[in-house]
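The next block holds one structure in the form of structure tokens; read it before the comments.
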Amino acid sequence: MFSEINLDSHLHGNDRTKIGADILDERYDPQTVELKWQKRWAERNLFRTEADPAKKKFYCLEMFPYPSGKIHMGHVRNYAIGDVIARYKRMRGFNVIHPMGWDAFGMPAENAAIKEGIHPAKWTYENIAYMKKQLNRMGLSYDWDREVTTCSPEYYKWNQWFFLKMYEKGLAYRKSSFVNWCPSCATVLANEQVIDGACWRCDTAVIQKQLEQWFFRITNYAEDLLRACDGLKGWPEKVVLMQKHWIGKSEGLEADFRVDGTNDKIRIFTTRADTLFGATFVCIAPAHELAEKLVSDKKALNKIKEQYGKEDEKIGLFTGHYAINPANDEKIPIYIANFVLMEYGTGAIMSVPAHDQRDFEFAKKYDLPIREVIIPASNEPRATSHELTEAFEEDGILANSSSYSRLRSDVARAEIAKFIEKKGLGKKVVNYKLRDWGISRQRYWGTPIPIIYCAKCGAVPVPENELPVILPEDVKFTGTGGSPLKESEKFLNVPCPKCKGKARRETDTMDTFVDSSWYFIAYCLKNGTGDWGFGIGNKKNANPQPLNPKPIDYWMPVDQYIGGVEHAVLHLLYSRFFTRVIKDIGIMGFDEPFTNLLTQGMVCKETLKCPEHGWLFPEEVKEDKCTRCGKPVERGRVEKMSKSKKNVLDPDHLINRYGADTSRLFSLFAAPPERDLEWSDQGVDGSYRFLNRIWGIVYKYRCQKLKPNSSLVTRHSSLLLRKTHQTIKRVTNDIEREYHFNTAIAALMELVNDITSFEPKTDEDWKVFRFSIEALLLLLSPFSPHIAEELWETIGNKASILEQRWPSWDEDITKEDEIELVIQVNGKVKAKLLMPTGLSDEDIKQKALEEPKIKEATGHKAIKKVFVVKGKLVNIVIGD
RNA sequence: GCCGGAGUGGCGGAAUUGGUAGACGCAAGGGACUUAAAAUCCCUCGUCCGCGAGGUCGUGCCGGUUCGAGUCCGGCCUCCGGCACCA
């Protein structure tokens, strides 16, 4: 009965007196308890894990933080969720790896350097030290021996090594491309740093500047990444869908339109080859190679270039030239159009205004012909002449298309493509929205790109045995003139690795997404200090041989990844890409890094706004009035916690006031993990009360001695025993069923309610009572580990609760011996009856019909049918 | 515009396969203890009607399927998220 919990040592009277171990304070003081256990866990290094092929592993991973200075409530939630999973799996007998590290390169460190004159390294490492304290104060079960810090040379050396491998394979290459450029700061900005077309720091208008940049050829993996999406069974569908859309595969046809009177051809891309006969003009992007040649009015062309990509208006410029439609040899005008993207397809399109809404709008504006070539298949009678008000974009039946008329769109697409291919005028192609990944950043605080430029030899990779290329620390931060690396003569001037002549280093650094694309693999390799196990980087073994891949093979892939949805595309896609590349390098044997993904919701809170002073902190409001001006405060919407809206909560304050156990418990109880969580100060009080009640129960019985009485099992104690088994079952199932911690905690609260009202008297009562409390503490321990440990020890257990097995339940004991049977008449509840379980359907039916209330309800009406749902209800259907 | 997701008491949320709507918690109201307050404990708590027993309506709106719908189907409305001239 008590199979999983070893109760033997507690079943005898003299042991049970240990409940009275007089070490427990009456008052629950989370600070004392939590610091005590954090110290003990650290001293025993209990969270350290080693690869052990004899044990089943579980890799639990939370997205590592950027060391911005302090953790925020989003981290608290993320890491609380991860910690419950790690602790639960550990108790289930898995060899759990649960690592943590720092996404330590990035702009804020550099901005701090510019603004406050602190070196980015100092700033970063100080932040890491503080945040690490905060995480430990939360009682998170990390194996810190595996900690990685991406700004350390021992980490970014491998970024550089991967870069070189990719360069060898042609997966890293250089090309010219447009970037967001702030002329005032003289630097490149990421997309999210451009706010309403201006620099987020100095508000200068951002321009598009052409720069030579390094790219990773992620498009080589587009098809693989897309196809493998269907295998991501453990990911939220939403995220998989977002990835699919991002990759954006479309199949179509490329076809050449000759420029009339020249030898030039315009190659267009279309997914609608069936509408080829409806093309009435051709549009090319302003940056298309033929644009300059075809347009004589350079001023007009430049104007269009300025309007490129502006969504509000479609602007076109007639080139004065005509193209020949390869299908029917028709002469149609060529336009430069601002809405045609150079980056997608061929930078040129055929325009079919009758069947494409964008072309339709353009044709209307410039008064171009609209020719219908697709008729809806529904075959509704159509007016012979009618004014089109919008394009018909669906498939249908072809018309006005020579011999293809009357074919269905899908058939015609194939036939027309065949025709074009046969004539050598084009081919079927597949296009992706996914672009190659531009990784160059004109920034200091990142991984130096290991390339040297030589006037004679061109771009030369740094030899592997010279890695890492160290980021120099003695540089000046001015905030102007671009990367400080450009001014560092020591860094800049190097001999060419090939010809030993004068050469210069690349001064761009890598996008920080490179760092986070493989850190989960780094955790496996790292185990304290020492070699990371790739087996390269020393001169004796310049030819890299993958040594000792065992830890990766053992630990990877990640069994459960937890983080915010904001990374649904970029980080997760880059990581999938990197994993494939590393596999192709030959280091490991799998291509999907994350088996299961949990995207947790945001942490939100009510906002407060004063009509005069704007957003307010809660402490700036007294009795619904602004403390500064006395004006009534508007209680705004519940929104994601953000500093700008002042609806934030500092985890330090929270933990100082309530402790880590309460903070964790509430953030897990208030909502299921994938949903947004609305923070409620009163709700936290509720969780705190709950832990206090548990403390109170154990305290109350601390001095109780066993009073031997009868050994009869009282009804009372059998009820508590059942409730305990039911709770073990519910909590286990709720955790297993997509981590529904909120309902698991609700079940624990119910059990505590029952334990509170239970007063043990008999021998058996005490046995059950103890069993219930032990079960409660074990079930509570993943959520609120410190108090669970403390009370576990108090009731006389020597070993840490961390080393206990998760309790199991006895299905027979969970079963109720009486059920409340609902009796409905025509689907409406009329009575509820207590009945013993195990009655036959016929007996149940009889009892239901005999019930006076039911007799009353049915009256003399004919009983048409009776439905019996086992253990639930009876529905009696009567006539009118 | 397109693609997702969600709408349940005063609030956060439960309801696992179509079978008692509102578990658990918060807030609120009442009571006990206390000189008093806090803390704690007990009771009430979807709506409307009724002194009561009891009944009525009720899961965004309209309709459908079913003995029975928060759950399934069709059509809307609102909110949130993602993508957004990708030819």
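Per chain, numbering begins at 1; letters A, B, ... match sequence-line order. FYI, side chains are in, hydrogens and waters are out, and symmetry mates aren't considered; it's all heavy atoms of this structure.
Using a 4.0 Å cut-off between a side-chain N of Lys or Arg and a carboxylate O of Asp or Glu, A/R77 and A/D676 do not qualify as a salt bridge. Salt bridge absent: A/D356 and A/R272 never bring a charged side-chain N and a carboxylate O closer than 4.0 Å. Salt bridge present: A/D817 and A/R722 bring a charged side-chain N and a carboxylate O closer than 4.0 Å. Using a 4.0 Å cut-off between charged nitrogen and carboxylate oxygen, A/R267 and A/E254 count as a salt-bridge pair. A/R413 and A/D410 are not joined by a salt bridge, as no carboxylate oxygen comes within less than 4.0 angstrom of a charged side-chain nitrogen. Electrostatic pairing of A/K314 and A/E361 counts as a salt bridge here, judged by a charged N lying under 4.0 Å from a carboxylate O. The existence of a salt bridge linking A/E639 and A/K645 is confirmed by a sub-4.0 Å separation between a basic side-chain nitrogen and an acidic carboxylate oxygen. The existence of a salt bridge linking A/K249 and A/E223 is confirmed by a sub-4.0 Å separation between a basic side-chain nitrogen and an acidic carboxylate oxygen.
Computed from coordinates, the A/E394 CD to B/rC2 P distance equals 11 Å when rounded to whole Å. Spacing between atom NZ of A/K249 and atom C1' of B/rC3 amounts to 19 Å, rounded to whole angstrom units. In this structure, A/E639 places its CD atom 13 Å from C1' of B/rC79, rounding to the nearest Å. The distance between atom CG of A/L748 and atom C1' of B/rG25, rounded to the nearest whole Å, is 13 Å. In this structure, A/W246 places its CH2 atom 16 Å from C1' of B/rC2, rounding to the nearest Å. Between the CH2 atom of A/W679 and the C1' atom of B/rG13 there is a distance of 16 Å, rounded to whole Å. To the nearest angstrom, P of B/rC2 lies 10 Å from CD of A/E393. Rounded to whole angstrom, the span from the NE2 atom of A/H567 across to the P atom of B/rG81 amounts to 17 Å.
A distance of about 25 Å separates the C1' atoms of B/rG50 and B/rA28, rounded to the whole Å. Distance noted for atom C1' between B/rU71 and B/rU17: 10 Å (whole Å). Distance check on atom P: B/rG68 versus B/rC51 gives 34 Å, rounded to whole Å. Annotation: B/rU8 and B/rC61 have their P atoms spaced 10 Å apart (nearest Å). Between the C1' atoms of B/rC49 and B/rG58, the separation comes to 15 Å (whole Å). For the C1' atoms, the distance linking B/rG9 with B/rU47 amounts to 10 Å, nearest Å. Taking atom P on both nucleotides, B/rG22 is separated from B/rC45 by 12 Å, rounded to a whole Å. Taking atom P on both B/rC72 and B/rA23, the two are 23 Å apart, rounded to the nearest angstrom.
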Using a cut-off of under 3.5 Å, enumerate the N/O to N/O pairs linking the protein to nucleotides 31-34 of chain B.
none

Please tabulate, one pair per line, each protein N/O and nucleotide N/O from nucleotides 4-8 of chain B that are separated by under 3.5 Å, including the distance.
none

Produce the list of close N/O pairs, under 3.5 Å, pairing protein atoms with atoms of nucleotides 27-30 of chain B; give distances to one decimal.
unit_1	atom_1	unit_2	atom_2	d
B/rA27	OP2	A/R689	NH2	3.4

Report each atom pair, protein N/O against N/O of nucleotides 19-23 of chain B, whose distance is under 3.5 angstrom.
unit_1	atom_1	unit_2	atom_2	d
B/rG19	N2	A/N875	ND2	3.4
B/rU20	O2	A/K832	NZ	3.0
B/rU20	N3	A/E820	OE1	3.4
B/rA23	O2'	A/E750	OE2	2.8

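Applying the Watson-Crick and G-U wobble criteria (two distances, each under 3.5 Å), B/rG22 pairs with nothing in any strand. Of the nucleotides present, B/rC80 is the one that pairs with B/rG4 by Watson-Crick or G-U wobble criteria, both distances under 3.5 Å. For B/rU44, the paired nucleotide is B/rA28, the pair qualifying as Watson-Crick or G-U wobble because both relevant distances are below 3.5 Å.
Here B/rG9 is in the syn range [glycosidic angle within 90° of 0].
Using bins of under 30°, 30° to 60° and over 60° for the plane-to-plane angle, the ring pair A/W679/A/F666 lands in the perpendicular bin.
Each of A/W246, A/Y574, A/Y221 was evaluated against A/W437; a single residue qualifies, A/Y574, per the ring-ring contact (aromatic ring centres under 6.0 Å, His included) test. Checking A/I562, A/L232, A/V565, A/V239 one by one against A/L597, the side-chain contact (heavy atoms from CB on, under 4.5 Å) holds for a single residue, A/V239.
Backbone-only contact: A/N753 has heavy atoms under 4.0 Å from sugar-phosphate atoms and none from a base. Among the atoms of the strands shown, only primed sugar atoms or phosphate atoms (P, OP1, OP2) are found under 4.0 Å from some heavy atom of A/G686. A/E566 comes within contact range of no nucleotide atom at all, as no heavy-atom separation falls under 4.0 Å. Among the heavy atoms of the strands lying under 4.0 Å from A/V340 is at least one base atom, whether or not backbone atoms are also near.
Comparing A/E678 and A/T270 by the nucleotide of RNA chain B that holds the closest heavy atom to each, the one mapping nearer the 5' end is A/E678. Heavy-atom distances to RNA chain B give each of A/P672 and A/V565 a nearest nucleotide, and the one nearer the 5′ end belongs to A/P672.
Set against B/rC83, B/rG25, B/rG13, the side chain of A/A671 has B/rG13 as its closest nucleotide.
Not counting sequence neighbours, A/F669 has no partner by the ring pair (Phe, Tyr, Trp, His ring centres under 6.0 Å) test.
Between A/Y335 and A/F362, the distance separating the two ring centers is shorter than 6.0 angstrom.
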A/R730/A/E750 under side chain to side chain contact (heavy atoms under 4.5 Å, CB included): CA gap, chis, key distance, verdict:
CA-CA 11 Å; A/R730 269 181 69 189; A/E750 283 187 43; 3.3 Å; yes
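For the atom pair CG of A/L873 and CD1 of A/I823, the computed distance is 9.5 Å after rounding to the nearest 0.5 Å.
Within residues 346-353 of chain A, the residues having any heavy atom closer than 4.0 Å to RNA chain B are, in order of number, A/I349.
Side-chain contact between A/T724 and A/L751 is present, with at least one heavy-atom pair separated by less than 4.5 Å.
Side-chain N/O atoms of A/R693 include one lying less than 4.0 angstrom from OP1 or OP2 on B/rC41. For B/rA87, one of the phosphate oxygens OP1 or OP2 lies less than 4.0 angstrom from a side-chain nitrogen or oxygen of A/S250.
Counting non-hydrogen atoms of other residues, nucleotides and ligands closer than 6.0 Å to NZ of A/K365 gives a total above 12.
Between the side chain of A/H355 and the backbone N or O of A/A391, no donor-acceptor pair lies under 3.5 Å.
In summary, the side chains of A/D734 and A/T743 do present a donor paired with an acceptor at a separation below 3.5 Å, with no hydrogens or angles considered.
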